[in-house]
Amino acid sequence: MPAGPPLAVVRAGGVEDVRRTLAEASRTGTPVVTRGAGTGLAGAAAAAPGEIVLDVSGLDRILAIDPVDQVARVEPGVITAELDRAAAAFGLMYAPDPGSVATCTIGGNIATNAGGLRGARYGVTRDSVLALDVVLADGTLLHVGRNTVKGVAGLDLTGLIVGSEGTLGVVVGATLRLLPRPTRIATAVAYFASVADAAAAATGLGAATLRPAVLELVDAKTLAAIDALRGTGHAERGAALLLVQADGFGAAEELEAAAAVLARTATALTTTTDPAVAAELAAARRDALPAIEARGRALIEDIAVPRSRLAEAIGGVHAIAADTGTDIYTFAHAGDGNLHPIIRLDSDAEPGTVPPAAQRAADDIFALALSLGGTVTAEHGIGLLKRHWLERELDPAALALQRRIKALFDPAGILNPGKAI
């Protein structure tokens with residue numbers, strides 16, 4: 001939590017407001033923190049005293065959807081789920097599906113390179129961004145990227161800006177790739193006697209050359225929290241759950257093959273092609289974070305490891321919980337090795353602070369990720385919370401180069417200082 005309120009808040013109503021704000025901030029050397037919906041989890045949109053908050057959530061228009069070229073032109077304040085709903089009218093979808101899809105914005109997704117439940121098959125935000133309109137630190141409006149699916153002219157500045165957490169420029173427009181909306185979805189929920197068995201089954205799907213659209217894992221503590229919140233009985237059926245979804249014309253056939261792999265070790269298995277039943281089954285994953293937060297304030301972490309080491313990572317997180325005496329819940333995008341260990345904080349913890357035991361657990365989790373050949377953040381970003389871990393993950397020469405690139409985009413260092421890099 002910042003030490004005090006920011007210097008000012010600018011609620012941009014258009015691109016010109018963004019340009020004027022940055023030009024003046026550049027002239028006076030005033031730091032600027034860009035903010036959208038504020039759903040980020042690494043503190044990248046938190047402003048300190050003396051800094052300007054540039055709120056771009058008011059730039060919220062879907063400018064165009066082209067069903068032939070399958071692209072959308074949007075402003076940064078568009079809610080992610082609203083873009084997906086608009087695309088659905090044309091038989092299309094916007095593939096990135098963060099857990100906060102109903103509230104997060106496209107601009108924030110671009111800033112953090114957000115992932116989500118469909119990442120295993122459809123990739124992350126960067127895979128759906130074709131072009132960007134960006135205002136640089138001095139107020140210059142820049143267009144990068146292209147309107148075509150393919151293109152290799154010049155360096156990939158678009159890919160560089162995606163995931164830069166507001167440190168290189170302010171995104172004021174985006175051209176996004178849309179995909180045909182799946183006509184069929186088949187869903188399975190499998191329960192297992194242990195998290196290790198569930199993780200091994202997830203790895204087994206990959207070994208069988210299967211790539212579901214959704215492959216999610218939930219551990220026993222999280223299942224118990226969901227049961228307490230919703231009155232369900234997940235924890236009675238197993239110590240871990242896998243949610244698997246296949247989509248497209250061959251969805252049923254693909255799920256049948258996946259179910260054959262899961263059935264080898266599952267204690268219970270349910271499959272369906274009925275959308276209503278599928279929604280009920282998927283709720284076990286969608287309810288995970290609300291169920292944990294219903295028990296108190298939480299530190300929501302985000303690491304990734306090679307998929308083959310998923311079981312080791314989850315086992316390591318459980319060992320860290322025992323060693324530090326902290327209450328840790330774990331669910332994962334198992335299809336891409338992305339874990340979310342959620343550390344529940346004591347009710348008497350000061351707001352805006354992380355108690356020492358919880359911080360030690362978080363640091364141990366980050367060290368675990370690196371020891372397994374993984375990363376300290378897969379989709380939430382570095383922000384403020386993980387800056388000191390960046391130097392442990394990145395090659396020193398690579399980090400130095402990134403900081404030189406930052407200086408080229410932002411010579412005065414006014415864009416989101418102290419964040420990301």
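Side-chain contact, Tyr94 with Asn109: no donor N or O sits under 3.5 Å from an acceptor N or O. Under the 3.5 Å distance criterion, with hydrogens and angles disregarded, a donor-acceptor pair is assigned to the side chains of Asp302 and Asn338. A donor-acceptor pair shorter than 3.5 Å cannot be found between the side chains of Thr167 and Asp410. Looking at His340 and Glu301, their side chains never bring a donor and an acceptor atom within 3.5 Å of each other. Counting only N and O atoms by type, the side chains of Asp66 and Gln70 include no donor and acceptor under 3.5 Å apart. A donor-acceptor contact closer than 3.5 angstrom links the side chains of Asp133 and His143. Counting only N and O atoms by type, the side chains of Thr265 and Asp197 include no donor and acceptor under 3.5 Å apart.
Although no hydrogens or angles enter the test, the distance criterion places a donor-acceptor pair under 3.5 Å between the side chain of Arg19 and the main chain of Gly139. Side-chain atoms of Arg118 come within 3.5 Å of backbone atoms of Ala95 as a donor-acceptor pair (strictly under, hydrogens ignored). Looking only at distances, no side-chain donor or acceptor of Ser26 sits under 3.5 Å from a matching main-chain atom of Ala23. Under a 3.5 Å cut-off, the side chain of Arg121 and the backbone N or O of Arg211 do form a donor-acceptor pair. A donor-acceptor pair under 3.5 Å links the side-chain atoms of Thr125 to the main chain of Ala114, judged by distance alone. A donor-acceptor pair is defined here as one N or O able to donate and one able to accept, closer than 3.5 Å; no such pair exists between the side chain of Arg11 and the backbone of Gly58. Put simply, the side chain of Arg35 gets close to the backbone of Ala45: a donor and an acceptor are under 3.5 Å apart. For the pair Gln245 (side chain) and Thr187 (backbone), a donor-acceptor distance under 3.5 Å is absent. Not one N or O on the side chain of Glu24 forms a donor-acceptor pair closer than 3.5 Å with the backbone of Thr21. No side-chain donor-acceptor contact under 3.5 Å links Lys406 to the backbone of Leu168.
A salt bridge between Asp323 and Arg360 is present, with a side-chain N of the basic residue lying under 4.0 Å from a carboxylate O of the acidic one.
For the pairing with Val135, the side-chain contact (heavy atoms from CB on, under 4.5 Å) check across Val56, Leu142, Val18 returns one residue only, Val18.
Ile382 and Ala42 make their closest contact through O-CB, 3.7 Å (heavy atoms, listed as atom of the first residue, atom of the second, distance). Minimum heavy-atom separation, Pro417 to Pro31: CG-CB, 3.7 Å. Nearest heavy-atom pair, Ile65 versus Ala87, reported as atom, atom and distance to 0.1 Å: CD1-N, 3.9 Å. For Thr330 against Pro341, the heavy-atom pair with the smallest separation is OG1-CA, 4.1 Å. Nearest heavy-atom pair, Gln359 versus Val354, reported as atom, atom and distance to 0.1 Å: N-CG1, 3.6 Å. The heavy-atom pair separating Ala174 from Leu132 by the smallest distance is CB-CD2, 3.7 Å.
Side-chain atoms of Val195 and His318, non-hydrogen and from C-beta on, do get closer than 4.5 Å to each other.
More than 12 heavy atoms of other residues, nucleotides or ligands lie within 6.0 Å of CZ in Arg403, so this atom counts as buried by the packing criterion. Around CZ of Arg126, the count of heavy atoms belonging to other residues, nucleotides or ligands within 6.0 Å exceeds 12.
Taken to the nearest 0.5 Å, the OG1 atom of Thr222 stands 4.0 Å off from the CD1 atom of Ile292. Note: Ser128 OG to Met93 CE = 8.5 Å, rounded to the nearest 0.5 Å. How far CG of Leu157 is from CD1 of Ile405: 9.5 Å, rounded to the nearest 0.5 Å. Atom CD1 of Ile62 and atom CZ of Arg85 lie 9.0 Å apart (nearest 0.5 Å).
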- Task: Decide side-chain hydrogen bond (donor to acceptor under 3.5 Å, both in side chains) for Thr375 and Glu393; before the verdict, give the C-alpha distance in whole Å, the side-chain angles of both, and the deciding distance to 0.1 Å.
- Result: CA-CA 7 Å; Thr375 176; Glu393 176 169 336; 2.8 Å; yes

